[in-house]
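This report concerns only the one structure given below.
Quick note: numbers below take in every heavy atom, side chains included, and nothing from hydrogens, waters or symmetry partners.
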Amino acid sequence: MPTPHESATLLLRLYELRRESTMREARNWFAMEFNPSSFDEVVQAVMGPHSGHYRMVTSYWDMAASFVLNGAIDEQMFNDANGEQVGVFAR
């Protein structure tokens, strides 16, 4: 189990990654423009001009969740500090 300090340090690093300009662009596209209503629309996003955006956002949150699932970040602290992963999963 990580110490609170270790969890906080990793959470701050994850936050820094979200601030990177390409990641901000990808997150904005995902939140504002990507509204799939079918699996085919998800496949179109993966294969289309926004493939990089889709993959960047989903792989980021997959990585962040893996840190929690493998004990590198305390789950309660992660969920208290983040909410975006829920919206990404819901899409």
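Side-chain atoms of Leu14 and Asn82, non-hydrogen and from C-beta on, never get closer than 4.5 Å to each other. Between Trp61 and Arg18, the closest side-chain pair of non-hydrogen atoms falls below 4.5 Å. Looking only at side-chain heavy atoms (C-beta outward), Arg91 and Val42 stay at 4.5 Å or farther from each other. Between Phe78 and Gln85 there is a side-chain heavy-atom pair separated by less than 4.5 Å.
Among all heavy-atom pairs drawn from Glu6 and Thr3, the shortest one is OE1-N, 2.8 Å. The nearest pair of heavy atoms linking Ser7 to Asp74 is OG-N, 2.8 Å.
The cluster map of Ile, Leu, Val, Met, Phe, Trp and Tyr, joined by side-chain heavy atoms under 4.5 Å apart, puts Phe89 and Phe30 in different clusters. Residue Met77 is not grouped with residue Val86 when hydrophobic side chains (ILVMFWY) are merged at heavy-atom distances under 4.5 angstrom, including chains of intermediate members. Hydrophobic clustering places Phe34 together with Met47 (ILVMFWY residues linked when any side-chain heavy atoms are closer than 4.5 Å, directly or through intermediates). Connection of Phe39 to Tyr54 is established within a shared hydrophobic cluster, with ILVMFWY side chains joined at heavy-atom distances below 4.5 Å, either directly or through further cluster members. Under the 4.5 Å side-chain heavy-atom criterion for grouping Ile, Leu, Val, Met, Phe, Trp and Tyr, Phe67 is not connected to Tyr15 through any hydrophobic cluster.
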Show your working on side chain to side chain contact (heavy atoms under 4.5 Å, CB included) between Glu84 and Arg27 and close with a plain yes or no.
CA-CA 10 Å; Glu84 184 176 340; Arg27 289 172 59 227; 2.7 Å; yes
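Annotation: salt bridge (charged side-chain N to carboxylate O under 4.0 Å, His left out) contacts involving residues 39-49, sequence neighbours excluded, are absent.
Judged by distance alone, the side chain of Asp62 and the main-chain N or O of Thr58 form no donor-acceptor pair under 3.5 Å. Between the side chain of Asn79 and the backbone N or O of Glu75 there is at least one donor-acceptor pair closer than 3.5 Å.
The residues Arg13 and Glu16 are annotated as salt-bridged, a charged nitrogen and a carboxylate oxygen being separated by less than 4.0 angstrom.
Atom OG of Ser21 and atom CE of Met23 lie 11.5 Å apart (nearest 0.5 Å).
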